[in-house]
**Q** 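Attaching a single structure in structure tokens format; questions to follow.
Per chain, numbering begins at 1; letters A, B, ... match sequence-line order.
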Amino acid sequence: MAAAPLRDSVQDRRRINMPESEYNFAEIEKKWQAKWKQNNLFAADDRGTKPKCYVLTMYPYPSGVLHMGHVINYTIGDVVVRYKLLRGFDVLSPMGWDSFGLPAENAAIRTGVHPHEFTEKNIARMTEQMHRAGWGYDWTREVATSHQDYYRWTQWIFLKFYEKKLAVKKTAPVNWCDSCQTVLANEQVHDGSCERCGSKVFQKDMSQWFFAMSKYAQRLLDGHEQLRGKWPEAVIAMQQEWIGKSHGAKVLFKIKETGDELPIFTTRPDTLWGVTFMSLAPEHPLIEKLVKGTEHEERVMKAVKEMRAQGTSEKDLADREKVGVFTGFHVVNPVNGESAPLWVANFALMSYGTGAVMAVPAHDQRDFEFAKKYNLPIKAVIVPETGLNESVMTEAYVDPGDMLFSGPFTGDNNVEAMPKIIKWLEEQGYGQGTVNFRLRDWLLSRQRYWGAPIPIIYCDKCGTVPVPEKDLPVKLPTDVQFKEGGGNPLARSASFVNCVCPKCGAAAKRETDTMDTFVDSSWYFLRYCDAKNEDAIFSPEKIKRWMAVDQYIGGIEHATMHLIYARFFTMVLHDLGLIDFDEPFTRLFCQGMVCKTAYYCNACKWLHESDVAFADGAAKGQKCKKCGGEVTSEMTKISKSKLNIVDPDVMFDKFGADTVRLYMLSDAPPDRMQVWSEEGISGAWRTLNRLWTLINKSLDKLSPVGEPLPTQLNSKNVDLRRKTHQCIQKITDSIEGGFQFNTAIARCNELLNMLRGFDKPVNPAVLREVLETVVRVFSPIVPHFAEECWEKMGHAESIFTAGWPEADPKVAKEDVIEIPVQVNGKLRARITLAADADQEKMERAALADEKVQAQIAGKEIVKVIVIPGRMVNIAVKG
RNA sequence: GCCGGGGUGGCGGAAUGGCAGACGCGCGGGAUUCAAAAUCCCGUUCUGGCAACAGAGUGAGGGUUCAAAUCCCUCCCCCGGCACCA
């Protein structure tokens, strides 16, 4: 008999059958979205008198459709916006588009559709989706970074940076793909090859535009102090690592044969006496100067060329074997006059320090490995009490110890001696104490069409000339073709390149590089404050009204790039006198990734859930429907490649925006990973339907709007009111205490459960208070639903004008409470007492309890701990 | 290796020194139904017990405390970031 076929019953059960429901979300959501638009609910008042609150979610790249990452991000933002509205703030909630960038240009190469057209179509589609989701924005402030009225000011900022020498052109080694005719970012290089065409990428020195961000390294670091406690600790930590400040000394070595000076940076000046060779970065200019015309030239330059041809991607660097070549020259160590061979090593970085590293193999693991490989001497100068024998060492000794062969410091502890050594180096004129940063200048040149043109003109006579402000924007030309491997289309556009020098009027050429899109996003939050200003980048009054951003919300993937660039821009604009603050984002919140189970079959690779046959009962023993093979599953970030994506449109159509919103926030704290499952969303659906039914059933039992509560209520009604006010208090705390929407929603559910289990008739005024409270505290999360209920309950105005409910502590206060009684820390009984019972009363009641008596019988009471209003613990012996 | 975040039922999670498992999912049972779906009610940490109840239990081990998921020490595992930075 054939094996029983795997049933698809689990699959079938997984398909959520929509219950018949009177809750017509499609109609309700459409209705309220139209009303909010009509009543300008989200129009930010530039001249309002209430305290302001600027809530910003990171704007999207208009890729074409929203994904679930956007949904969680913008839902959190919208809940905050509506909550702040309810709390009486003038709220600014803008939205816009990060609309320059590579995908549109690649699409143009593929399909021939101009990037502008492609982008506008995507923006239209995504705007539609945002309305559908019910997110509230002040659309009059919409910006798109690819529009002329935006990039005009991006260019204007570039000119301001240029004036202050903060935008500079310098030669730098870049990843160059000859077949694509363009520079590649490190992450676009895979195993030394171009990610697009697969041809070999090599390093090339090119003249590129940079922002002098390294000048701001210390400021960027110092600024973290005011962000502490308001930004996620992880983001601050990542930025600190990225900026990478280190203390040490700059020491001047000399080339023995030529007398050339060679400055080096070290964090370990205490090991200067242990230097046994010197390593230069392959890009170091001194190499060519030294070996040119000597017997060493051919051998050294060949090796250098090979080193420079190695890939520069992160992975390449990590896996690379240490190699080097002896230059034939030597350096003289200033501290002891000893000479050491000068090598070129592939692990030395031209972009850090001075590009030259003193090598102390005894005390640096990397140098140790290099010395072992090339048989270079090892000299220990820091030794532990147990001593150190160079000939048997298997790794570098990096711990503290006593200094040896170290001139005036011999015998000192190296850690204690460090400041003295630096002082001594300075006195002797050998070097000086210094700090060094890992943070580099920001390379902003891109050999691409779809970006903001850099407003610079090159004139044979006048040199580099900035475009005068009155001539901005430098517009992108339209007479361009996009073709594979064609390099930068701008460079081929005669109408763009050829121009007249603004200084002398002679024929000149335009810069054809465009700006990195991170430049656009480094100031968009400022433009929102005054988005339609045609005469200035923004007016100081409007900036004063809205900045800084009170709450910024976005993905943690922007921790180092965007969030450092935006802080850098803000500091520079501050120094230019354009704004009077230097941190743009007061509070930052980073939401978690949206994950979903992904299925994998060895033969068929990643599978759609619909191609998986589940064994009955559990998610084990799942088989591939295509080939019958074993299927494994993992919980992972939703992505196209793993076929576990969720389409927001489908979810909105099936469940409605409110249910999707409620589900996204109800399961886990929003900074953690979110697990998407259709079973899960059905819980949110049920919650809304129950509440809908309850409210509709109760409409004719409610007291008229505005009728005061009776002065006398029976105890059941008092209980219900108490729970209601406790609920308001807890929900307010949950939201204020760091966006704990999941526990806020749980409190609402508790109140609803209590109401449903309530068998006696509820006083009409109490019933109104309870139901209105639930609807009001739910309103930021499920706004359409709440508006509809609010209207049905007899209110003419939007629920978002009604304010946030206040908890009355007198009503919330319990008068009778249950006190747990422990014996030796173990729970043995619960006693019911008046909430204000004093310690003595509590102790007496606890000791009188039957179960407690049984536990302590025949034992000696050592101590009774009574925490008023909370618990009793009896410590016994014997 | 360094930095950050975690480890609690079948699952997502709650509780930040004071009743472990709120709320939800799933699962089991019942009501309703010709039947199913949907809906409603009850149950659901594990072990033993018909039950009352007892014992165990928050990654592992130790410690502080009347009392530890929570604080301290040692260690293991998972996720994210950084990693030739001299």
Side-chain angles (χ1 to χ4, degrees), chain A residues 13 16-21 232-238 240-242 244-246 248 264-268 271 279 281 314 317-322 345-349 351-360 364-367 369-370 436-440 556-557 559-560 592-593 595 617-619 635 662-663 666-669 671-684 686-687 689-690 693 730 740 742-750 752-753 756-757 818-830 851 862-867 870-876:
Chain A
R13 265 182 275 143
I16 304 302
N17 286 294
M18 300 303 290
E20 282 174 36
S21 167
E233 209 46 55
V235 174
I236 294 178
M238 277 188 238
Q240 281 177 326
E241 213 164 62
W242 190 263
K245 182 178 184 175
S246 55
I264 59 103
F265 171 76
T266 178
T267 55
R268 294 291 304 274
T271 62
S279 307
E314 307 291 323
L317 288 174
D319 299 348
R320 178 186 297 173
E321 198 194 340
K322 291 172 182 50
N346 66 341
F347 62 81
L349 304 173
S351 53
Y352 185 81
T354 63
V357 194
M358 70 179 209
V360 187
D364 180 285
Q365 187 57 28
R366 202 182 28 203
D367 295 340
E369 286 165 27
F370 196 85
N436 203 24
F437 293 93
R438 218 179 65 117
L439 185 76
R440 299 172 199 178
I556 195 150
E557 64 273 19
T560 47
M593 293 184 302
C595 296
M635 183 62 66
L662 180 60
Y663 173 55
S666 65
D667 264 15
D671 53 345
R672 278 209 224 169
M673 178 186 94
Q674 306 293 313
V675 175
W676 184 274
S677 78
E678 285 219 8
E679 292 96 328
I681 196 171
S682 67
R686 267 197 282 272
T687 301
N689 274 280
R690 280 174 191 159
T693 309
K730 285 179 179 169
Q740 296 167 55
N742 57 327
T743 55
I745 292 163
R747 296 292 90 79
C748 287
N749 281 330
E750 277 174 23
L752 284 175
N753 290 344
R756 281 191 302 148
E818 199 176 61
I819 299 285
V821 181
Q822 300 177 339
V823 176
N824 284 347
K826 269 193 203 308
L827 177 73
R828 294 299 177 183
R830 297 165 209 273
K851 288 180 195 155
V862 183
K863 198 173 174 188
V864 180
I865 294 102
V866 181
I867 313 295
R870 293 196 72 92
M871 54 94 61
V872 178
N873 189 9
I874 303 162
V876 295

**Q** I need the CD1-P distance between I745(A) and C25(B), as an integer number of Å.
**A** 13 Å

**Q** Distance check, P atoms only: C71(B) and G81(B), in whole angstrom units.
**A** 26 Å

**Q** Rounded to whole angstrom, note down the C1' distance from G7(B) over to C75(B).
**A**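 Each nucleotide's C1' atom is 14 Å from the other's.
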
**Q** Do the non-hydrogen side-chain atoms of M238(A) and T560(A) ever get within less than 4.5 Å of each other?
**A** yes

**Q** Could you check G62(B) for me: syn (within 90° of 0) or anti?
**A** anti

**Q** Is a donor on one side and an acceptor on the other found under 3.5 Å between the side chain of N346(A) and the backbone of K322(A)?
**A** no

**Q** Under the side-chain contact (heavy atoms from CB on, under 4.5 Å) rule, what do F265(A) and V357(A) come out as? Steps first, then yes or no, please.
**A** CA-CA 7 Å; F265(A) 171 76; V357(A) 194; over 6 Å; no

**Q** Scan every strand shown for a Watson-Crick or G-U wobble partner of G49(B), both distances under 3.5 Å, and answer none if you come up empty.
**A**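 Here G49(B) is not engaged in any pair, so there is no nucleotide opposite it.
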
**Q** In the strands shown, is A37(B) matched to any nucleotide by a Watson-Crick or G-U wobble pair with both distances under 3.5 Å, and which?
**A**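 A37(B) is paired with nothing.
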
**Q** Expressed as a whole number of Å, how far does the C1' atom of C66(B) sit from that of A54(B)?
**A** 23 Å

**Q** At under 4.0 Å between heavy atoms, what does N753(A) touch on the DNA or RNA strands: base, sugar-phosphate, or nothing?
**A**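 Sugar-phosphate contact only - N753(A) comes under 4.0 Å of backbone atoms but never of a base.
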
**Q** Search all heavy atoms of L827(A) against all heavy atoms of P820(A) and return the closest pair with its distance.
**A** CD1-CB, 3.5 Å

**Q** Using the P atom on both, measure G63(B) against C2(B) and round to a whole Å.
**A**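 My reading of the P atoms in G63(B) and C2(B) gives 28 Å.
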
**Q** Which heavy atom of R756(A) sits nearest to which heavy atom of N753(A), and what is that distance?
**A**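 Minimum heavy-atom contact is NH2-OD1, 2.8 Å.
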
**Q** Just the rounded figure in Å: distance from P of C84(B) to CZ of R268(A).
**A** 19 Å

**Q** Could you work out the separation of G30(B) and A36(B) based on their P atoms and round it to a whole Å?
**A** 11 Å

**Q** What nucleotide, of G18(B), C25(B), G81(B), holds the atom closest to the side chain of S682(A)?
**A**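 Taking heavy atoms from C-beta onward, the closest nucleotide is C25(B).
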
**Q** So which nucleotide does C11(B) pair with, by the Watson-Crick or G-U wobble rule with both distances under 3.5 Å?
**A** G24(B)

**Q** For a quick test of reading the model, state the closest non-hydrogen atom pair linking I264(A) to T354(A) and the distance between them.
**A**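 Looking at all heavy atoms of both residues, the closest pair is CA-OG1, 3.4 Å.
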
**Q** Can you check the distance between C53(B) and G12(B), where both ends of the measurement are the P atom (answer in whole Å)?
**A** 31 Å

**Q** Taking for each residue the nucleotide of RNA chain B with the nearest heavy atom, is it A234(A) or G355(A) whose nucleotide lies nearer the 5' end?
**A** A234(A)

**Q** Looking for any heavy atom pair under 4.0 Å, which part of the strands does G683(A) touch: base, sugar-phosphate only, or nothing?
**A** sugar-phosphate

**Q** From CD of E241(A) over to P of C82(B), roughly how many Å is that when rounded to an integer?
**A** 8 Å

**Q** According to side-chain contact (heavy atoms from CB on, under 4.5 Å), who are the partners of S351(A), at least two apart in sequence or on a separate chain?
**A** L349(A), R440(A)

**Q** Does C66(B) have a Watson-Crick or wobble partner in any strand here, with both distances under 3.5 angstrom, and which is it?
**A**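 With both distances under 3.5 Å, C66(B) matches G18(B).
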
**Q** According to a strict under-4.0 Å criterion, is R438(A) in side-chain N/O contact with OP1 or OP2 of C82(B)?
**A** no

**Q** If I pick the C1' atom on G29(B) and the same atom on C23(B), what distance separates them, to the nearest angstrom?
**A** 22 Å

**Q** Between C85(B) atom P and Y352(A) atom OH, what is the distance in whole Å?
**A** 9 Å

**Q** I'd like a list of close polar pairs between nucleotides 55-59 of chain B and the protein, N/O only, cut-off under 3.5 Å.
**A**
residue	atom	partner	partner atom	Å
G55(B)	OP2	R828(A)	NH1	3.3
A56(B)	OP2	K826(A)	NZ	3.4

**Q** Would you find a donor on one side and an acceptor on the other, under 3.5 Å apart, between the side chain of R438(A) and the backbone of Y352(A)?
**A** no

**Q** Identify the two heavy atoms, one from M871(A) and one from I819(A), that lie closest to each other, and give their separation to 0.1 Å.
**A**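 Nearest pair, atom of M871(A) first, then I819(A): CA-CG2, 3.7 Å.
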
**Q** When we call it a touch if two heavy atoms are under 4.0 Å apart, what does S677(A) touch: a base, just sugar-phosphate, or nothing?
**A** nothing

**Q** What is the base-pairing partner of G1(B), counting Watson-Crick and G-U wobble geometry with both distances under 3.5 Å?
**A**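 For G1(B), the partner nucleotide comes out as C82(B), under the 3.5 Å rule.
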
**Q** Report which part of the nucleic acid M238(A) touches: base, sugar-phosphate, or nothing (heavy-atom distance under 4.0 Å, all strands).
**A**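 Sugar-phosphate only.
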
**Q** So what does R366(A) hit on the nucleic acid, given a heavy-atom distance under 4.0 Å: a base, only sugar-phosphate, or nothing?
**A**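 If one applies the 4.0 Å heavy-atom cut-off, R366(A) turns out to touch a base.
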
**Q** Would you say R756(A) places a side-chain N or O within less than 4.0 Å of OP1 or OP2 belonging to C41(B)?
**A**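 Result: yes.
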
**Q** Heavy atoms only: give me the nearest V675(A)-Y663(A) pair and the separation to one decimal.
**A** O-OH, 2.8 Å

**Q** Mapping M593(A) and K851(A) to their closest nucleotides on RNA chain B, which lands nearer the 5' end?
**A**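 Nearest-nucleotide comparison on RNA chain B picks K851(A).
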
**Q** Tell me which one of V862(A), N824(A), V864(A) satisfies side chain to side chain contact (heavy atoms under 4.5 Å, CB included) with V876(A).
**A** N824(A)

**Q** Nearest whole angstrom, please: distance from the C1' of G6(B) to the CD1 of I556(A).
**A** 13 Å

**Q** Measuring only the C1' atom in each nucleotide, how far is G49(B) from G55(B)? A whole number of Å is fine.
**A** 12 Å

**Q** Output the rounded distance in Å from CD1 (I874(A)) to P (A67(B)).
**A**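 Interatomic distance, CD1 of I874(A) to P of A67(B): 14 Å.
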
**Q** Using nucleotides 10-14 of chain B, report all nitrogen or oxygen pairs with the protein that are shorter than 3.5 Å.
**A**
residue	atom	partner	partner atom	Å
A14(B)	OP1	N742(A)	ND2	3.3
A14(B)	OP2	R672(A)	NH2	3.2

**Q** Please state whether the base of C23(B) and the side chain of N749(A) form at least one donor-acceptor pair under 3.5 Å?
**A**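 A donor-acceptor contact between them is absent.
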
**Q** With sugar-phosphate meaning primed atoms plus P, OP1 and OP2, does A359(A) contact a base, only sugar-phosphate, or nothing at under 4.0 Å between heavy atoms?
**A** nothing

**Q** With a 4.0 Å cut-off on heavy atoms, is E750(A) in touch with a base, just the backbone sugar-phosphate, or nothing at all?
**A** sugar-phosphate

**Q** Kindly indicate, with the supporting measurements, whether the criterion side-chain contact (heavy atoms from CB on, under 4.5 Å) is fulfilled by I874(A) and K863(A).
**A** CA-CA 6 Å; I874(A) 303 162; K863(A) 198 173 174 188; over 6 Å; no

**Q** Check the distance between G24(B)'s P and Q674(A)'s CD and give it to me in whole angstrom.
**A** 18 Å

**Q** Using Watson-Crick or G-U wobble geometry with both distances under 3.5 Å, which nucleotide pairs with U74(B)?
**A** A60(B)

**Q** Quick check for you: among C23(B), A86(B), C66(B), whose closest atom lies nearest to any side-chain atom of A746(A)?
**A** C23(B)

**Q** CD of E678(A) versus P of G26(B): gap in Å, rounded?
**A**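 Checked: the CD to P distance equals 12 Å.
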
**Q** Closer than 3.5 angstrom, by distance alone: can the side chain of Q674(A) be matched with the main-chain N or O of P669(A) as a donor-acceptor pair?
**A** yes

